[in-house]
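Keep in mind the model is a prediction, meaning the values are calculated, not measured. Throughout, numbering of the chain's residues begins at 1 and tracks the sequence.
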Amino acid sequence: MGMVLLWLTGACHTRRSEPPATVRYVEVQCAPCSIEELVLQEAGPSAVDCGWGREPAAWSTVSACVRKADAEGRPFRALVTLQGIDSEIIAGYVRKADGSRWELWYDSNVSGGRGSCNASVSRVSCASLGQGSASTSGAPLTCESPGERMSLCRERTSRKVRLGPVRDATDVECDPADSGKKRRLCVRGQARGNVPAGTPLVCLPWTSGGEDLDCVVSSGEEIPFRALAPEAERELDAK
């Protein structure tokens with residue numbers, strides 16, 4: 001009987017001493033690219049504000065305002081949110097006091113992947129602004145005879161990336177289909193996590209402060225994601 005109690009005590013001690021699952025979050029900071037501020041800067045404070053068409057239903061109102069101001073030779077500014085495939089797309093339209101017309105283009109993630117601080121804003125000159133598509137797949141205005149596209153803002157140029165402190169991963173839940181894989185799709189903030197004890201994760205939130213995570217089993221100091229650490233990512237892809 002004494003031997004049985006001793007064995008049970010030893011087994012319980014082993015389970016208690018098993019290290020917990022841990023996670024380190026990739027923290028990304030940068031100076032944000034604001035197309036709203038850039039459109040205002042390009043157009044000037046006295047330009048007609050034709051608004052922001054955040055939904056296709058509002059596009060016709062924005063377009064009508066732009067065409068009216070353009071026909072009258074008045075400076076204007078306008079924004080429309082478009083249907084992106086894997087990122088947010090916003091088009092800005094500007095006529096300056098000198099009569100030049102410009103299209104500005106915001107893409108929240110130029111790499112088409114996940115993570116923060118990947119946005120950019122570019123601009124291109126337009127001979128005129130034509131009538132675009134009324135569908136959700138196109139823009140309500142088109143840049144006719146566009147010039148050379150130029151970059152106005154790229155968040156990557158000011159991006160600072162670091163690994164946060166080691167945390168308890170009991171609130172992280174990963175897709176069971178990824179069990180045993182080095183790379184996993186996970187979420188945080190769940191009431192019950194499922195990361196096996198002793199597993200060290202490094203996770204990149206899909207959006208700043210978001211719950212969806214791209215995670216890698218890694219106890220190193222490197223950041224194993226292509227957009228942030230190319231060499232480490234290529235090594236991971238080979239496994």
Applying salt bridge (charged side-chain N to carboxylate O under 4.0 Å, His left out) as the test, list every pair that has at least one member in residues 39-48; sequence neighbours left out.
Glu42-Lys96, Glu42-Arg123
Does any donor atom in the side chain of Asp107 or Ser120 lie under 3.5 Å from an acceptor atom in the other side chain?
no
Check side chain to side chain donor-acceptor pair (under 3.5 Å) between Glu36 and all other residues, then give those that pass, not counting sequence neighbours.
none
What pairs with Arg149 under salt bridge (charged side-chain N to carboxylate O under 4.0 Å, His left out), at least two apart in sequence or on another chain?
Glu103
Hydrophobic cluster of Val121, others only, ordered by chain and residue number, side-chain cut-off 4.5 Å:
Ile35, Leu38, Val39, Trp52, Leu79, Ile90, Val94, Trp102, Leu104, Tyr106, Leu152
Exercise: do Glu155 and Thr157 side chains pair donor with acceptor under 3.5 Å:
no
Checking Asp212 now: which residues fulfil salt bridge (charged side-chain N to carboxylate O under 4.0 Å, His left out) with it, not counting sequence neighbours?
none
Could you name each residue pair satisfying salt bridge (charged side-chain N to carboxylate O under 4.0 Å, His left out) that touches residues 49-61, not counting sequence neighbours?
Asp49-Arg77
Nonpolar side-chain network containing Met150, other nodes, edges under 4.5 Å
none
For Ser108 and Ser87, which heavy atoms make the closest approach, and how far apart are they?
OG-CB, 3.3 Å
What residues, two or more places apart in sequence or in another chain, satisfy salt bridge (charged side-chain N to carboxylate O under 4.0 Å, His left out) together with Arg188?
none
Are side-chain N/O atoms of Arg67 and Gln131 paired as donor and acceptor at under 3.5 Å?
yes
Residue list, side chain to side chain donor-acceptor pair (under 3.5 Å) with Glu72, at least two apart or on another chain
Lys68, Arg74
Across all chains, not counting sequence neighbours, the salt bridge (charged side-chain N to carboxylate O under 4.0 Å, His left out) partners of Asp178 are Lys181
Taking side chain to side chain contact (heavy atoms under 4.5 Å, CB included) as the definition, give me every residue that meets it alongside Pro165, ordered by chain and number, with sequence neighbours left out.
Glu27, Arg167
Given disulfide (SG to SG under 2.5 Å), test Cys186 with Cys203 step by step and report yes or no.
CA-CA 9 Å; Cys186 309; Cys203 295; 5.4 Å; no
Electrostatic pair Arg184-Asp214, nearest N-O below 4.0 angstrom
no
According to disulfide bond (SG atoms under 2.5 Å apart), does anything in residues 70-110 pair up with another residue at least two apart or in another chain? List the pairs.
none
